[in-house]
Amino acid sequence: MSGRYTVSREDWSLHRKGEIDRDRHREKVREAIKKNLADVVSEESIILSDGRKVVKVPIRSLEEYHFRFDTGKRKHAGQGEGGTKEGDLLGSEQKKAGPGKGPGAGDEPGVDYYEAEITIEELAQLIFEDLGLPNLQQKKKPELASESFEFKEVRKQGISSNIDRKRTILEAIKRNAMKGRKGFNEISKDDLRFKTWDVTYKYESNAVVLAMMDTSGSMGPYEKYIARSFFFWMVRFLRTKYQNVQIVFLAHHVEAKETTEEEFFTKGASGGTRCSSVYKLALEIIEKRFSPQDYNIYAFHFSDGDNLTSDNEKCVKYVNELLKVCNLVGYGEIEGPYYHTSTLRAAFKKINDPKFTCIGIKDKSDVYPALKTFFNPNPATTA
Amino acid sequence: MHPQEEKKLLEESIEKITAIAKGFNLDFYDMYFEICPADIIYSFGAYGMPTRFSHWSFGKAYHKMKTQYDYNLSRIYEMVINSDPCYAFLLEGNSLVQNKMVIAHVLGHCDFFKNNYYFSRTSRKMVESMAVAADRIRGYEFKYGRDKVETFLDSVISLQENVDPQRHIAAGESINPQTLDKNHGGRQHTCSGGQYCKGGGCSNQGGYHDHEKTQARPTPYDDLWDLDKHECEHKCDKEDQPKKFPEQPEKDMLLFMMEHARDLKDWQRDIISIIREEMLYFWPQMQTKIMNEGWATYWHIRIMRELDLTEDEALEFAKTHAGVIQTSKFRINPYYLGLKIFEDIEKRWDNPTEEEKRKYGRKGGEGKHKIFEVRATENDISFIRNYLTEELVEELDLYLYKKVGYDWKVVDKDWEKVRDGLVKNLYNCGLPYIVVEDGDFGRRGELYLKHVYEGTDLDVYYLERTLPHVYKVWGRGVHLETVVDGKRVVFSYNGEKPGKKFI
């Protein structure tokens with residue numbers, strides 16, 4: 001006869017299937033992101049994320065494809081609150097709205113994209129997995145070291161505010177146990193244990209990034225965006241290696257000057273290009289403010305390479321000087337659609353120093369390879 | 001409250017609710033209630049069954065549901081499984097009133113599982129079958145490597161809806177001696193597919209044979225079979241024509257591939273068979289969603305009314321119930337629509353109009369009898385088509401809407417159009433109807449699929465990314481014929497690049 005019933009309540013703590021498959025999915029998301037790093041690295045929503053912790057990365061490869069109807073061409077059924085008429089507007093999709101932007105997009109049919117949520121830290125980890133600091137030793141200057149205290153030891157004497165309760169009680173129990181008495185009884189003076197500190201030195205390591213950019217007329221917003229993506233990740237990467245990372249923004253056309261970050265990326269200038277001016281300024285700033293003994297100095301310059309020919313020789317000279325004081329000097333040439341007559345990059349071919357790297361960037365997806373080239377832990381393996 | 005005490009209260013309520021439900025003539029299996037923490041309920045929800053095999057897509061679904069729960073966006077109160085005994089999982093943290101409502105609701109579902117025709121072929125031992133299948137798949141992962149098994153699962157899962165739940169009807173044709181030989185093979189296939197034989201579903205086999213016998217009785221519709229015969233004879237005359245393979249377009253793509261894809265290993269055929277069986281088990285739930293939820297809602301209201309609730313409890317029940325039947329302008333709430341139709345049927349059969357009395361011989365007072373008959377014989381399509389009336393469409397303010405430019409606009413309000421639009425979207429559970437047209441296309445052993453076009457285009461972006469999965473299983477070139485913007489198109493994939501050709 002049916003209709004009997006049982007009620008039970010089991011221990012489900014070992015039922016981990018959902019969690020295990022969730023982890024597998026997460027793993028696949030990471031794999032997918034890793035495969036698409038070149039696109040993700042220069043993803044605008046991340047570069048311009050303004051300190052948001054979690055970013056969304058669209059991943060189409062993890063959608064579950066199957067045969068289905070085109071929702072946009074289909075009629076759907078809905079239910080109103082009475083009095084709905086033909087032609088009534090239920091909602092609209094924002095024009096050009098990216099996935100996930102429309103209000104209540106999930107409520108509308110057919111919105112079926114998959115965006116993985118990932119923290120910037122996690123993403124950075126993926127990106128930095130293959131990066132390293134080439135040819136370099138971290139500079140650890142005792143002069144910069146600050147004193148710090150660390151509780152490392154336990155002693156029988158000390159100040160009572162530093163008493164280690166757990167160990168004291170353990171001692172008391174142990175002592176009593178040896179006498180054959182069970183449990184926790186009185187504490188004798190012998191049982192007392194104190195935490196004691198040691199003085200250690202913390203070594204500060206500082207790095208400074210000299211971000212140099214050509215702001216002559218030929219550098220448009222697109223070129224600047226590429227430079228910006230690059231600096232965004234570079235600074236983040238250096239921060240994982242150094243406690244303090246300072247950035248100095250130097251913009252130049254014919255003349256160079258120090259700017260704020262905002263000006264650096266937004267302000268357009270015009271006129272010709274004299275790259276040597278910015279190298280000269282960089283050298284001056286290093287001399288005045290950042291002693292190579294205290295700082296790890298990274299100098300990167302982005303330009304479209306359209307330099308005054310007469311200036312090229314001077315550039316090579318200054319770059320060689322920079323190499324003496326910097327950990328790494330990089331030159332990225334953004335190859336716009338119109339300029340293929342690079343002269344500066346050709347001139348730099350003369351420089352033969354493992355600390356100098358020179359690359360060309362054609363589009364957004366080249367930013368990641370550029371990072372990989374600049375921060376290749378084993379430069380010998382670079383092709 | 002102490003868990004022990006909570007359990008005792010719950011048991012008392014179940015006792016009462018079960019008695020009330022029986023008094024209402026609900027007919028359900030033995031019930032097995034289990035109180036589970038949220039993440040367990042949500043993992044069951046994502047997998048469809050606690051014992052199902054492991055796959056990342058379930059992990060993705062679980063993550064989504066769990067996140068929505070964590071942010072308090074949605075809540076599953078229960079999960080019930082079509083099995084004998086019937087398993088029902090209650091969410092830990094439900095209040096007692098919520099649990100009462102859920103238990104009443106679950107009894108409605110169980111009555112539906114047990115008595116609706118479309119469930120008569122489902123295995124009631126699927127909990128165990130799925131556990132066994134999951135074990136086999138785990139074994140394959142161990143033996144052949146996780147990645148290999150996972151990629152194959154990816155492909156089969158992406159094609160899982162392409163089965164034929166009505167295959168047994170075609171098998172029923174065997175009563176016609178003319179087609180017996182021809183279809184014999186087909187029937188055997190049904191068995192080798194394992195839907196009825198495996199998984200302890202043998203009790204259903206009895207039903208299966210009975211069904212055939214009743215078919216064999218002379219009926220006024222026998223001339224319909226003759227129609228088929230003429231066509232067949234006509235075809236058979238042309239012996240010189242190359243034999244078609246399959247002879248009739250085959251809706252069960254998974255079955256066809258399982259039997260005829262040349263290079264599949266045994267473990268791969270087994271995986272196809274597992275996923276196919278599971279899909280066939282879930283299909284009746286997909287095709288009776290509105291009825292099943294409507295029926296369960298109808299009964300939880302009536303059972304709750306019989307209980308002695310305090311004022312606070314009544315209020316809480318009303319709130320929870322209101323959440324369940326909340327409507328949306330963008331989709332139909334199956335709980336609400338199903339409930340309203342059942343109530344409407346009851347009303348109309350209890351108090352028929354003069355015309356209905358005269359025309360259909362309705363005596364009145366037959367409401368309860370009628371809804372029990374409907375719950376036993378209909379599915380969502382016939383339910384809507386037969387019982388959604390003009391008055392209901394008006395009262396519920398149902399409509400059809402469509403994307404016009406960037407806007408979603410109401411395009412139909414006429415009741416017949418709304419009803420037919422609803423039915424159309426329910427057809428084949430809202431999925432495109434695709435058949436295997438040729439299993440030896442171009443005499444190169446390629447697979448030619450055809451979308452049976454009924455006015456709605458396929459999602460081409462998805463189509464182009466699903467074809468490689470067909471290729472992966474079939475092992476040779478694959479083609480799919482459909483209609484895009486009024487033109488007939490064949491999409492192809494040969495393992496290297498996708499192709500598209502207008503024909």
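Every chain is numbered from 1 and lettered A, B, ... according to where its sequence line falls, protein lines coming before strand lines. The analysis underlying the following values was restricted to heavy atoms, covering all of them including side chains, and did not include hydrogens, waters or symmetry mates.
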Near-ring test Phe491(B)/His451(B), centroid separation under 6.0 angstrom
no
For the side chain of Lys413(B) and the backbone of Leu398(B), is there at least one donor-acceptor N/O pair under 3.5 Å apart?
yes
How about Phe330(B) and Tyr401(B): are their ring centroids closer than 6.0 Å?
yes
Which one, Asp39(B), Ile40(B), Leu26(B), leads in non-hydrogen pairs under 4.5 Å with chain A?
Ile40(B)
Which portion of Ser155(B) sits near chain A, non-hydrogen atoms under 4.5 angstrom
neither
Under 4.5 Å from a heavy atom of chain A, the part of Ile434(B) involved:
side chain
How would you list, by chain and number, every residue that makes a side chain to side chain contact (heavy atoms under 4.5 Å, CB included) with Pro85(B), sequence neighbours excluded?
Asp30(B)
Pair Tyr62(B) + Tyr47(B): ring centers closer than 6.0 Å
no
Can you tell me how far apart CG (Leu159(B)) and CZ (Phe67(A)) are? Round to the nearest 0.5 Å.
6.0 Å
Using a cut-off of under 4.5 Å for heavy-atom pairs, which of Gly421(B), Gly455(B), Ser57(B), Cys86(B) has the most such pairs with chain A?
Ser57(B)
Tell me, side chain or backbone of Leu480(B) under 4.5 Å from chain A's heavy atoms, or both, or neither?
side chain
Contact origin within Glu19(A) toward chain B - heavy atom pairs under 4.5 Å:
both
Under a 4.5 Å heavy-atom cutoff, which of Lys409(B), Lys403(B), Lys402(B), Arg465(B) has the most pairs with chain A?
Arg465(B)
Measure distances from Val393(B) to the heavy atoms of chain A and classify the residue's part below 4.5 Å as side chain, backbone, both or neither.
neither
Against chain A, work out which of Glu395(B), Lys424(B), Glu92(B) has the most heavy-atom pairs shorter than 4.5 Å and name it.
Glu92(B)
Given that the side chain runs from C-beta out, which part of Arg419(B) has a heavy atom under 4.5 Å from chain A: side chain, backbone, both or neither?
neither
May I ask you to check whether Tyr462(B) and Tyr65(A) place their ring centres under 6.0 Å from each other?
yes
Most heavy-atom pairs under 4.5 Å with chain A, out of Gly430(B), Ala21(B), Ser43(B), belong to Gly430(B)
